[in-house]
Amino acid sequence: MFEMDRGQTMTTLFTNLLSFQTWRGSIPKHQTVGFVPTMGALHAGHVSLIEQAKAECDVVVVSIYVNALQFNSDADFARYPRTAEHDLEVCTEAYVDAVFAPIKSELFPEDVVELLTPSRNALGYEGADRPGHFGGVATVVDRLFKLVQPSVAYFGLKDYQQVAVIKDMASQLHPDIVISPCQTMREDDGLAMSSRNRFLTPSGRKSAALLHAALKNAVTLWNGGNCQSQELVQSVTDYISQDSAIEVQYISVVRDGTMDQIQIVSENDVIVAAIVVDGVRLIDNMSFTNA
Ligand code: PAF
């Protein structure tokens, strides 16, 4: 256990499961617990989740755990940025009450981890490009929910499909936990904040920002009266194909809160996309809302 003092607020780092459980058990029942699960490499997107949790809950817990179960290759897992000291500073600056950074053998003490089967919202899109990914996400989030016992859990909408899968898992296994999807935080040029952005070259970084502009343009076209999803998807493809550095993985329009593909676009439906730039896979999405 390690404590960082910042004025009146203390951020306590728990790496030991028993210490965390003892601390969790000491929180009075009437207090609400806000939970921000992360894999570390914290950026302003995470801070906005923490701020929302701080505004809405009595106590805020951030977990940091790089979950091997959700990576498709050992190389990807090894390459994931680990920035423990920086992460703890970010949490202290944001007045987080507790950082829970468990070790694998305590989070998953069993020899063979049985993966949860995620809902049908895990099929296709990220689920197709990253087989097993959502089983790994659902399994670790379920495990963390059991330990943290949050009142509300906060997830960034950049990972739109992840939010849909976690909502389904929580409604089945943790019906008392409120899942709060939070707006995507963006860089000045619109690029969705992500721990992967650091792997982009300066020119790749410029290319990557085109995706946001293309999605915005599709929403503008919809506001102008075009409701055909095929045409809106084509507009995004045309927009980003100006740049040969971008490889499109998928672009599609889905019904709000699901991954169900649709033909005619209504308000709140969502255009989702994945591209690869500089070998870095990036995802983003945008909701069709009236201008
Ligand atoms: O979004 C993430 O950082 C991870 O998928 C999560 C939810 C922390 C599970 O490992």
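Indexing begins at 1, ligand by ligand and atom by atom, following the structure's order. Nothing here was measured: the structure is a model prediction, and the numbers come from that model.
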Asks: Considering non-hydrogen atoms of the protein only, which is the closest contact for atom 7 (C) of ligand 1, and what is the distance?
Replies: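 For this ligand atom, the closest protein heavy atom is Gln162 NE2, 3.5 Å.
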Asks: Between Thr12 and Ala98 (side chain of the first, backbone of the second, donor and acceptor by atom type, cut-off under 3.5 Å), is there such a pair?
Replies: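 Side chain of Thr12 to backbone of Ala98, a donor-acceptor pair under 3.5 Å: no, none is there.
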Asks: In ligand 1, which numbered atoms sit nearer than 4.0 Å to a non-hydrogen atom of Thr38?
Replies: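 Per the distance check, 8 (C).
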Asks: Which residue holds the protein heavy atom closest to atom 9 (C) of ligand 1, what is that atom called, and what is the gap in Å?
Replies: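 Looking at atom 9 (C) of ligand 1, the protein heavy atom closest to it is Gln70 OE1, 3.3 Å.
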Asks: Does a side-chain N-to-carboxylate-O contact under 4.0 Å join Asp168 and Arg120?
Replies: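 No, this pair does not count.
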Asks: Can you sort out which atoms of ligand 1 are near Val140, meaning under 4.0 Å from one of its heavy atoms?
Replies: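 Every atom of ligand 1 under 4.0 Å from some heavy atom of Val140: 9 (C), 10 (O).
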Asks: Nearest 0.5 angstrom please: Glu126 CD to Asn72 CG, how far?
Replies: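 Answer for the CD-CG pair, Glu126 versus Asn72, is 9.5 Å.
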Asks: Of the non-hydrogen atoms in Ala209 and Asp189, which two are nearest, and what is the gap between them?
Replies: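 That closest heavy-atom pairing would be CB-OD2, 3.4 Å.
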